[in-house]
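One structure below.
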Amino acid sequence: MWTRRGRAVRLLVARVREELRSRWRRFETLWRRSMQLRVVVSTLALSTAVVCALGMVLQWQITDQLLAAKENAAIAQVEYSQPILERELTAVDPNADNVSEQLQAALNRLTTTSSGQSTTETVAGAFEPVLVDGHAPGDRRLQPAAGPIEEVPQDLRQSVERGLLTTKITTVQNENGRVTMLAVGTPVSTATRPLQVYLLFPLTAEQRTLAVVQQTLLLGGAVLLVLLGAITNLVTRQVVRPVRQAAQIAEQLAQGDLDKRMRVIGEDDVARLAESFNEMADSLKQQITQLEEFGQLQRRFTSDVSHELRTPLTTVRMAADVLHASREQFPPGLSRSTELLVDELDRFELLLADLLEISRLDAGVADLAAEPLDLTEIVARTIESLRAIADSSGVELRTLLPGAETDLNIVADARRVERIMRNLVANAIDHAEGGPVEIRFGGNDKAVAVTVRDYGVGLRAGEAELVFTRFWRADPSRNRRTGGTGLGLSISLEDARLHGGTLDAWGEPGEGACFRLTLPRHPGGEFDTSPLPLASTRRIAAPEALLAAPVDPPQEGEPAEPEIRDRGPARLSEQTWEDA
């Protein structure tokens, strides 16, 4: 039972802690995003500090004035009562046996006489008199006295016994509870030796006055803080509201609604800000409209030129094919020219096809012929089509497959995916510098990925973003074996975006480059991260080396050795993903 209660308590504490953290995170978000909240809270904090300091100063001043007035009135009362006591004590013998009765009679006379003095009593208030013979021999507690002598502090008695007029604020415990009072003591003369008289003035009225003052200060401070908060909120809102309106309209402008404008009210600084913002929006709309018109004109020009060039290109292609078929009958120089003509016509046709595809992508009319397909089969066809180029360049194509439990089936446009892979592999062959090109596969529940990695010249800093720019080449002087047009990676990036995927690049000088294609399981699907890392500096071993190495049974906890498998007519050298 105790265990269940402990678990319930821990669960409750965890929930409360999580709720507090959630509320704190929401407050932090609101604090970061709301300038109005920061200004109001800051103003209230500073105002609270000022109000507290001012309240403490006022309370100290009021308390000091009340006590000073009370002390002055008490001293005046003592000065008034001292001659009366001295007259009454003229015939008193401090050494007599009935000295206590004589002292009490003198106090009664003082009280009776003081009750008739309305002015002093009105200022000083009621008091309790005490008369004592402090110079009498024996124990101080047994000295002759009249009145509540136990309520007089010892240090006050010692000072008065030295002949000084002394005041002291003290708190005593009597039948009415704890009472704070002002004690004033002074020596009075007798026939033989001086006695000491003490007047005890309760400070109950002053305490009530101070309590009322404190309540008034607290209430006034709270009301002042509320008013300051409301005023600050109102003033800040007048300043922040146009800023928020500008932010909302800026977001709408960014979303394409170019007709939104700010309201202009008055002629102040905020109104001038709204006018400037509206002028900026008008200028942006005009420039964006011009850019859209120019872009449409450019796309139309590219499309029209591409279409118009197809007819003469077809004629030239027919003539070139006839010449190429009869090249053996020509002299060597003319035969070579015929072969160059056919090669350049191939590049020209590829460039026209890429330009047409770019125009369709820019116009937003490209569509996807999505169908279920196996990504490994697409890559196998791509590698088989580029194997002759790889062999002539001395580049070995290697593939690294994941385990059998990884599903690489997706729904995508086979033509576009194959075009992406052809561009990536061909680009890697061109820049591999005779080194291997590694192709890795990966997949998770939401996406699949392929990386193409070479260990050639690599990319310099900043070139990983430029490789997808149209007609951009890292080194224009390089001799390309695949005859690229400079549009392949740009089209590949657009093809990946059509599927809802991504195409990333990484490279280091001398370390090679790596391109990663990540596609969702279905077009337009969402995924958080790619199943494969973008770059890997570890090379996979050649198939021959793996076959020649002795195979030992794996120890417990160690990954299995990579295996080479044949996946059809492409005859690719493949290894399992566990080797990575």
Side-chain angles (χ1 to χ4, degrees), residues 19-54 219-301 359-366 465 468-469 493-494 497-498 500 502 524-526 528:
E19 180 66 22
L20 292 177
R21 289 178 180 175
S22 177
R23 291 179 180 271
W24 178 254
R25 286 193 294 267
R26 288 197 296 267
F27 176 76
E28 284 183 337
T29 302
L30 183 61
W31 177 266
R32 291 193 303 268
R33 301 187 61 181
S34 177
M35 183 177 66
Q36 183 176 1
L37 176 63
R38 293 198 300 271
V39 172
V40 172
V41 172
S42 301
T43 303
L44 287 179
L46 295 176
S47 301
T48 301
V50 173
V51 169
C52 290
L54 181 61
L219 181 60
V223 174
L224 180 61
L225 290 177
V226 172
L227 292 178
L228 284 175
I231 294 173
T232 305
N233 183 57
L234 179 62
V235 174
T236 308
R237 185 179 179 183
Q238 293 179 353
V239 178
V240 173
R241 183 171 54 186
V243 177
R244 292 178 176 174
Q245 181 184 3
Q248 294 175 356
I249 295 178
E251 291 178 357
Q252 294 175 351
L253 290 174
Q255 294 174 0
D257 190 358
L258 301 179
D259 295 328
K260 290 293 183 179
R261 297 294 183 271
M262 291 184 63
R263 294 178 56 189
V264 180
I265 302 176
E267 298 179 357
D268 54 5
D269 296 335
V270 177
R272 291 198 296 271
L273 173 63
E275 292 177 356
S276 302
F277 185 90
N278 292 338
E279 292 177 358
M280 179 189 68
D282 293 335
S283 177
L284 287 176
K285 180 180 179 181
Q286 181 180 2
Q287 294 180 10
I288 291 175
T289 303
Q290 293 177 353
L291 289 175
E292 289 180 349
E293 293 177 353
F294 177 75
Q296 292 177 358
L297 180 62
Q298 184 182 21
R299 289 193 295 269
R300 188 181 303 112
F301 174 78
S359 64
R360 284 193 292 268
L361 292 171
D362 291 340
V365 297
E465 299 295 334
F468 300 106
T469 305
L493 179 61
E494 296 298 332
R497 290 175 177 173
L498 280 177
T502 59
E526 297 182 356
D528 299 328

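Everything quoted here is computed from the prediction, not taken from an experiment.
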field: Heavy-atom pair with the smallest gap, counting every atom of Val40 and Thr232
entry: CA-CG2, 4.0 Å
query: Could you give all pairs that pass the salt bridge (charged side-chain N to carboxylate O under 4.0 Å, His left out) test and reach residues 274-291, with sequence neighbours left out?
result: Asp259-Lys285, Arg261-Asp282
- line: The side chain to side chain donor-acceptor pair (under 3.5 Å) partners of Glu28 (sequence neighbours excluded) come to Trp24
- request: Could I get the full list of salt bridge (Lys or Arg N to Asp or Glu O under 4.0 Å) partners for Arg263, not counting sequence neighbours?
  value: none
field: Closest approach of Ala271 to Val264 (non-hydrogen atoms, all atoms of both residues)
entry: O-CG1, 3.9 Å
message: Going by side-chain contact (heavy atoms from CB on, under 4.5 Å), name the residues that satisfy it together with Val240, two or more places apart in sequence or in a different chain.
response: Met35, Gln36, Thr236, Arg244
statement: In this structure, CG of Asn233 is separated from CG of Leu37 (nearest 0.5 Å) by 9.5 Å
field: Residues that Thr48 engages under side-chain contact (heavy atoms from CB on, under 4.5 Å), provided they are two or more places apart
entry: Cys52, Leu225
- line: Paired with Leu224, the side-chain contact (heavy atoms from CB on, under 4.5 Å) test is passed by just one of Val51, Leu219, Leu54, namely Val51
field: Residues that Arg26 engages under side chain to side chain donor-acceptor pair (under 3.5 Å), provided they are two or more places apart
entry: Ser22
- request: For Arg23, check side chain to side chain donor-acceptor pair (under 3.5 Å) against everything at least two apart and list the hits.
  value: Glu19
Sequence-distant partners of Arg241, salt bridge (Lys or Arg N to Asp or Glu O under 4.0 Å), two or more places apart: none
- line: When rounded to the nearest 0.5 Å, the distance separating CG of Leu20 from CZ of Arg25 is 10.5 Å
message: According to side chain to side chain donor-acceptor pair (under 3.5 Å), who are the partners of Gln287, at least two apart in sequence or on a separate chain?
response: Ser283
- prompt: Looking only at heavy atoms, what is the nearest atom pair of Leu253 and Ala281, with distance?
  reply: CD1-CB, 4.0 Å
query: Which residues pass the side-chain contact (heavy atoms from CB on, under 4.5 Å) test with Ile288, sequence neighbours left out?
result: Leu258, Glu292
query: Just by distance, do the side chain of Asn278 and the backbone of Ala274 share a donor-acceptor pair under 3.5 Å?
result: yes
message: For Arg38, give me all partners under salt bridge (Lys or Arg N to Asp or Glu O under 4.0 Å), at least two apart in sequence or on another chain.
response: none
task: Can you sort out the partners of Asp257 under salt bridge (Lys or Arg N to Asp or Glu O under 4.0 Å), two or more places apart, ordered by chain and number?
output: none
